[in-house]
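Everything on this sheet refers to the single structure shown next.
Order of the sequence lines sets the chain letters (A, B, ...), proteins ahead of strands, with each chain counted from 1. Quick caveat: nothing in here was measured; it's all calculated off a predicted structure. FYI, side chains are in, hydrogens and waters are out, and symmetry mates aren't considered; it's all heavy atoms of this structure.
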Protein chains: 2
Amino acid sequence: MYHSKETVTGPTAEICERIWLSIAEKRLRPGARLKEEQLAEIFEVSRARVRQALSVLESDGLVTIVPNRGAFVAEPGVDEARDVFHVRKQIEARVVERLIDRITDAQIPLLQAHLSKERQADQRGDTSAIIRLSGGFHLLLAELAGSDFLFGILRDLISRSSLITAMYRSRHLHNCGPDEHAALIEHISARDKPGATQIMLNHLQHVEDELDLTAEAPTTRDLRQALV
Amino acid sequence: MYHSKETVTGPTAEICERIWLSIAEKRLRPGARLKEEQLAEIFEVSRARVRQALSVLESDGLVTIVPNRGAFVAEPGVDEARDVFHVRKQIEARVVERLIDRITDAQIPLLQAHLSKERQADQRGDTSAIIRLSGGFHLLLAELAGSDFLFGILRDLISRSSLITAMYRSRHLHNCGPDEHAALIEHISARDKPGATQIMLNHLQHVEDELDLTAEAPTTRDLRQALV
DNA sequence: ATAGACAATATTGTCTACATTTTTGTAGTC
DNA sequence: GACTACAAAAATGTAGACAATATTGTCTAT
């Protein structure tokens, strides 16, 4: 599923965005039930639109829909979490390689501008903005790499990463340190392909290392599996 | 969207399947309009279900939905076509590497069984089955590679590849020769990672080479772009 | 007292009717 | 005669109502 480069506009996307933010900021816990009528009332839209939004979020891996039961915030297991980070390293490595092949000098300031926004949000302590901008940096790299398809894949990967981070992070958030982004920009500007790739891989490894993926069985709705 | 490993069941999926087949077999041309009411009448289902199916097909990149205008069979441009094949080579190379790391001897017969089905369909001249099984082989590799995420990506890539093939193929179809699949199984069985990867890349290159991607502007609905 | 069956409630799934938007056809005017 | 403005028709978007299903609570029989 992979969506086009532009973010889908319209009221459906707004619902998705708000639910996504609530999940990323941990106001909605994994496993939380998402009643359609309740959401329709909160967002002041029809149930049909809520169903549409939930369907999109399901394809993004953020919610799980059980037929005749309803929608729940997804609870990615440790296996899925490792899978996501494994694939993400491979994808982002390709993004960096392709980006260095294609980026022009005129585009470098775009990266720096984004970075400064990240630093400002960091100083303000604006959690919501930090989360959005951290992912946005990686998406910007993919966009400049010039492959709509890689962009779509990364969009999906980042959504899932956010949920996984919200679910498994052990300490403070430090979602994506701006410092590592700065170092990445340096090497990209210098067209240092091996160096930039290595920094990206280290960066993603750091994010993963802050998670507690020690086979701790996540809370599940399947009580049989949880209690027996 | 990346869907779970199992194909979505239910009546919606059936609609998707039939539309997809019509596209893959060239009975629906790229750019063809898909009126909701018409589809509802043909499949003898409600319009709501048709809308749902079209929404899924859009996220798979097979149809384009223009707000307040309707749904059309997608018309991937040459740039998008090249992008899909470029990414597909990278993804499938990773799939093969990972598969060789994980596959057990007990799983090899699964590949051979699939191959024999392909050969049977080939002898029967069953176009519909050939198209489905050719893609299915690549999906089977991804499934055995053990990454749900890579599987989902490949599912999307193969859908789009089918549409691109239907749109741009110049000569006979030869969608995915079973012979190259056979050679691939050989090298996978022998755990020859570089060899298998190379065969996969050559295989995909052959498929791409049969297309006519010579900047021939595809028919577009945007007349302004087509005529000015 | 407990286990099983039955009924009540709540939630999702589906369909049909209505509103909005776009397109096409027509008439009027310059 | 051609262009513009308006009106009618068709298709999509939206909302509300109804049906199917699962869960929860209660009652009865053992």
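- More than 12 heavy atoms of other residues, nucleotides or ligands lie within 6.0 Å of CD in A/Gln112, so this atom counts as buried by the packing criterion.
- The distance from atom CD of B/Gln38 to atom P of D/dA11 is 8 Å, rounded to the nearest whole Å.
- Regarding A/Gln52, its CD atom lies at a distance of 17 Å from the C1' atom of C/dT12, rounded to whole Å.
- Salt-bridge formation is detected for the pair B/Glu36/B/Arg47: a Lys NZ or Arg NE/NH1/NH2 atom is positioned less than 4.0 Å from an Asp or Glu carboxylate oxygen.
- Candidate nucleotides C/dT12, D/dA11, D/dA15 were compared by shortest atom distance to the side chain of B/Lys35, and D/dA11 ranks first.
- Closest approach to the A/Arg47 side chain among C/dC15, D/dT12, D/dA17 is made by D/dA17 (side chain taken as heavy atoms from C-beta onward).
- In this structure, the CD atom of B/Glu44 is 17 Å from the P atom of C/dT14, given to the nearest Å.
- Here the C1' atom of nucleotide C/dT9 and the CD atom of A/Glu37 are 13 Å apart, to the nearest Å.
- The distance from atom CG of A/Asn68 to atom C1' of C/dA10 is 13 Å, rounded to the nearest whole Å.
- Rounded to whole angstrom, the span from the CG atom of B/Leu54 across to the P atom of D/dA11 amounts to 15 Å.
- Minimum atom distance to the side chain of A/Arg51 is reached by C/dG13, of the listed D/dT12, D/dG13, C/dG13.
- Counting heavy-atom neighbours within 6.0 Å of B/Lys117 NZ, excluding the residue itself, gives a total of 12 or less.
- Residue B/Ala48 places its side chain closer to C/dC15 than to any other of C/dC15, D/dG13, C/dT11.
- With hydrogens and angles ignored, no donor-acceptor pair closer than 3.5 Å exists between the side chain of A/Arg49 and the base of D/dG13.
- Rounded to an integer number of Å, the gap from B/Glu36 CD to D/dA10 C1' is 13 Å.
- Counting heavy-atom neighbours within 6.0 Å of A/Gln205 CD, excluding the residue itself, gives a total above 12.
- Counting atom types as modelled, A/Arg69 pairs no side-chain N or O with a base atom of C/dG13 as donor and acceptor under 3.5 Å.
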